[in-house]
Peer 1: 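Okay, here's the structure, questions in a sec.
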Amino acid sequence: MARHLITSAIPYINGIKHLGNLVGSQLPADLYARYLRARGNEVMFLCATDEHGTPAELAAAKAGKPVADYCAEMWAVQAELAKGFRLSFDHFGRSSSPQNHKLTQHFAGRLADAGLIREVSEKQVYSHADKRFLPDRYIEGTCPNCGYDKARGDQCENCTKQLDPTDLIDPRSAISGSTDLEVRETKHLYLRQSQMRGKLQDWIDSKTDWPILTTSIAKKWLNDGDGLQDRGITRDLDWGIPVKKGEEDWPGMEGKVFYVWFDAPIEYIACAGEWAEAHGKSDADWERWWRTDKGADDVRYTQFMGKDNVPFHTLSFPATILGSGEPWKLVDYIKSFNYLNYDGGQFSTSQGRGVFMDQALEILPADYWRWWLLSHAPESSDSEFTWENFQSSVNKDLADVLGNFASRVTKFCRSKFGEEVPAGGTPGEREAQLIDDLEKGLRDYEAHMDAIDVRKSALALRALWVLGNEYLQDVAPWTTFKEDPDAAAMQIRIALNLIRFYAVISSPFIPDASAQLLTAMKSEDAEWPKDVASAVKALPVGHAFAVPEVTFRKISDDERAEWQERFAGGRR
RNA sequence: GGCGCGGUAGCUCAGUUGGUUAGAGCGAACGACUCAUAAUCGUUAGGUCGGGGGUUCGAGUCCCCCCCACGCCA
């Protein structure tokens, strides 16, 4: 039994995430967490909302609410959706928590002491009407290059030219439209990542088992151009963690907050502190997950994220941790994902294109989505959601292969032997063969799960389901029953046990259906099978069961067409 | 423009350090079966592995050039 710390990239507080976001981090992280727990490991699975920054402030203003209230509400919404998708976080925290305030300030202080922070004076646009500094992309004006009148301060969308806010003709605030702008001098803190380049390079180079996607992104940032650049870690905003050096004030930094990318990953750690508080535990209880001097040296830490988050997790956050000089746990393995596209294009929040987490749960139970998303996870390249594919995958894999297996076995038994595991007969060569095949298949499945090969795991699991149908088809108890009822009883006894076996091993993918099947089999034995031979005898002769409700219903062509239409976008 | 990840059967994708007739699932055709959610099981068909050169006894797998898609950056 090992100890596993698992984190999923923390979703931004602003708005409801789409299925691409879900499959890019939270869902595969949950799969892995559930699997490791099922195998008897001690698991700490953490996630949180990323709450700071300008977008949250603007969304709150748009909703007419104080930003803290807005974040609290959106956190509740996201927590509820996470629950809806059965994401089994040990704690779902908030980057705005007191724990994260304290820890972020602590890290900044340590980094400053280590000489890894420098102060930089820069010019930024201040809006009198908005009473705030404007990030580049919140300044609009006419492009000096092409004359487009809605160019943003960072780039012109029309001609794609990169811009500086001061390049714009007739600049105005994208928030209020005000032209009462002023360029002001302001001071900010920069993390001297460039100083850490060697250390980070060595660390990345030591991770030979990481996916190419992960290391290639990290190496690009380390080596491109002049190499890893220092990054600003503060902003002139109200909403965020006040800049402090540990517990002390930071002269010259009054009224400023840490930039969201600096405090967000620290929330991974702070979240464990929130977990401890929420469960009445001590500091030692969470520190044993994060401090290698306090018990975390035997922890294996795995992070899940979309490819856009890789630079922060391979470079910025490790720079923070290494730079602190304290024995915090560094990540052991980063599992990163490509993007999921939607029906020939991208998911789009602004156009309402694609399926979002709340909508998905409105039309179908979580397991349907979990199965499709995980069995098609964008591991090696971007992948594509299509309704045809979703429909055929759900109908074939879940309804026909697994659901129907449970149905045919239980109904046959009920009609011939009644609703209990029948006695009689002796397993023979064919059963030995089945057990052998299942044993190999199970090992294959476990190997893929251990390696976090999500798609391959799904394929291997499905192959195990197929073995059951194959066996039934082969021994045909409905025929056997006519000449040798005892033999048929033995065959169906095995098959009934397979239902329980499938429920147990499928639970990381489809927890609700697994629970339903286990309930139908009236079994509480959900322990991961040590070997198949004993697993197919777990339900003894005479053990009562019930015919389960339809475990997975099919998606009709009409539904598919209707949903395709409904989520095509362009409705907002 | 630079860089990155890809371009493998109708569809979604596997293909370790180059090595016998390129694989899986779905879809298709045919057959078997009838317990079951018109489900299941079996068989078969289907690809000049984006294009062109090269290295090698041998390349989807290495090198060069080009084309296409996506992404990142300037």
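The sequence lines fix the lettering, A, B, ..., with proteins before strands; numbering per chain opens at 1. What you see is a predicted model, and the numbers here were worked out from it, not measured in a lab.
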Peer 1: Provide the distance between the two P atoms, one in C11(B) and one in G47(B), to the nearest whole Å.
Peer 2: 13 Å
Peer 1: Between C63(B) and G46(B), how far is it from one P atom to the other, in whole Å?
Peer 2: 33 Å
Peer 1: On a whole-Å scale, what distance lies between the P atoms belonging to G51(B) and G10(B)?
Peer 2: 13 Å
Peer 1: Taking Asp444(A) for the side chain and Ala460(A) for the main chain, is one N or O donor matched with an acceptor at less than 3.5 Å?
Peer 2: no
Peer 1: Could you check how far CG of Asp397(A) sits from P of A39(B), rounded to whole Å?
Peer 2: 14 Å
Peer 1: Which nucleotide sits closest to the side chain of Ser383(A): C41(B), G71(B), C13(B)?
Peer 2: C13(B)
Peer 1: Distance check, P atoms only: G31(B) and A24(B), in whole angstrom units.
Peer 2: 23 Å
Peer 1: In whole angstroms, how far is the P atom of G6(B) from the CD atom of Glu384(A)?
Peer 2: 18 Å
Peer 1: For Trp372(A) and His376(A), take the angle between the two ring planes, folded into 0 to 90°, and tell me which bin it lands in: parallel under 30, tilted 30 to 60, perpendicular over 60.
Peer 2: parallel
Peer 1: For this output row, return yes or no: ring centroids of His313(A) and Tyr268(A) closer than 6.0 angstrom.
Peer 2: yes
Peer 1: With Asp400(A), which residues qualify under side-chain hydrogen bond (donor to acceptor under 3.5 Å, both in side chains), at least two apart?
Peer 2: Lys554(A)
Peer 1: Rounded to the nearest 0.5 Å, what's the gap from CH2 on Trp465(A) to OH on Tyr502(A)? Could you check?
Peer 2: 10.0 Å
Peer 1: Does one side chain, of Tyr471(A) or Asp437(A), offer a donor that lies under 3.5 Å from an acceptor on the other?
Peer 2: no
Peer 1: Donor-acceptor pair, distance only, cut-off 3.5 Å: does the side chain of Gln193(A) make one with the backbone of Leu315(A)?
Peer 2: no
Peer 1: In whole Å, I'd like the distance from the CH2 atom of Trp371(A) to the C1' atom of C26(B).
Peer 2: 13 Å
Peer 1: Classify every nucleotide of nucleotides 31-37 of chain B by which part a protein heavy atom approaches to under 4.0 Å, writing B for the base, S for the sugar-phosphate alone and - for neither, in 5'-to-3' order.
Peer 2: -BSSBBB
Peer 1: Does Lys456(A) have a side-chain nitrogen or oxygen under 4.0 Å from the phosphate oxygens OP1 or OP2 of G15(B)?
Peer 2: yes
Peer 1: Measuring centre to centre across the rings, with the benzene-like ring taken for any Trp, is Phe317(A) within less than 6.0 Å of Phe312(A)?
Peer 2: no
Peer 1: Taking CH2 from Trp372(A) and P from G25(B), how many angstroms apart are they, rounded to a whole number?
Peer 2: 19 Å
Peer 1: Given atom CZ of Phe337(A) and atom C1' of G71(B), what is their separation to the nearest angstrom?
Peer 2: 18 Å
Peer 1: Do the ring planes of Trp387(A) and Trp563(A) sit parallel (below 30°), tilted (30 to 60°) or perpendicular (above 60°)?
Peer 2: tilted
Peer 1: Has the side chain of His52(A) got a donor or acceptor atom that lies under 3.5 Å from a matching backbone atom of Phe258(A)?
Peer 2: no
Peer 1: Taking C68(B) as the reference, what is the distance to A28(B) when you measure between their C1' atoms (whole Å, please)?
Peer 2: 29 Å
Peer 1: Could you work out the separation of C3(B) and A9(B) based on their P atoms and round it to a whole Å?
Peer 2: 28 Å
Peer 1: Between Arg462(A) and C26(B), does any side-chain N or O lie under 4.0 Å from OP1 or OP2?
Peer 2: yes
Peer 1: For the P atoms, the ones on A22(B) and on C5(B), what distance do you get once it is rounded to whole angstrom?
Peer 2: 28 Å
Peer 1: Toss me the dot-bracket line for RNA chain B: Watson-Crick and G-U wobble, both under 3.5 Å, 5' to 3', using | for pairs to another strand and [ ] for crossers.
Peer 2: ((((.((..((((.....[...)))).(((((.......))))).....(((((..]....))))))).)))).
Peer 1: For G27(B), does the O4'-C1'-N9-C4 (purine) or O4'-C1'-N1-C2 (pyrimidine) torsion place it in syn, i.e. within 90° of 0, or in anti?
Peer 2: anti
Peer 1: Measure CZ/Arg455(A) against C1'/C26(B) and give the value in whole Å, please.
Peer 2: 13 Å
Peer 1: Rounded to the nearest angstrom, tell me the gap between atom CG in Asp453(A) and atom C1' in A24(B).
Peer 2: 15 Å
Peer 1: C1' atom, C30(B) versus C35(B): distance in rounded Å?
Peer 2: 24 Å
Peer 1: Tell me: CG of Asn309(A) to P of G71(B), nearest whole Å?
Peer 2: 17 Å
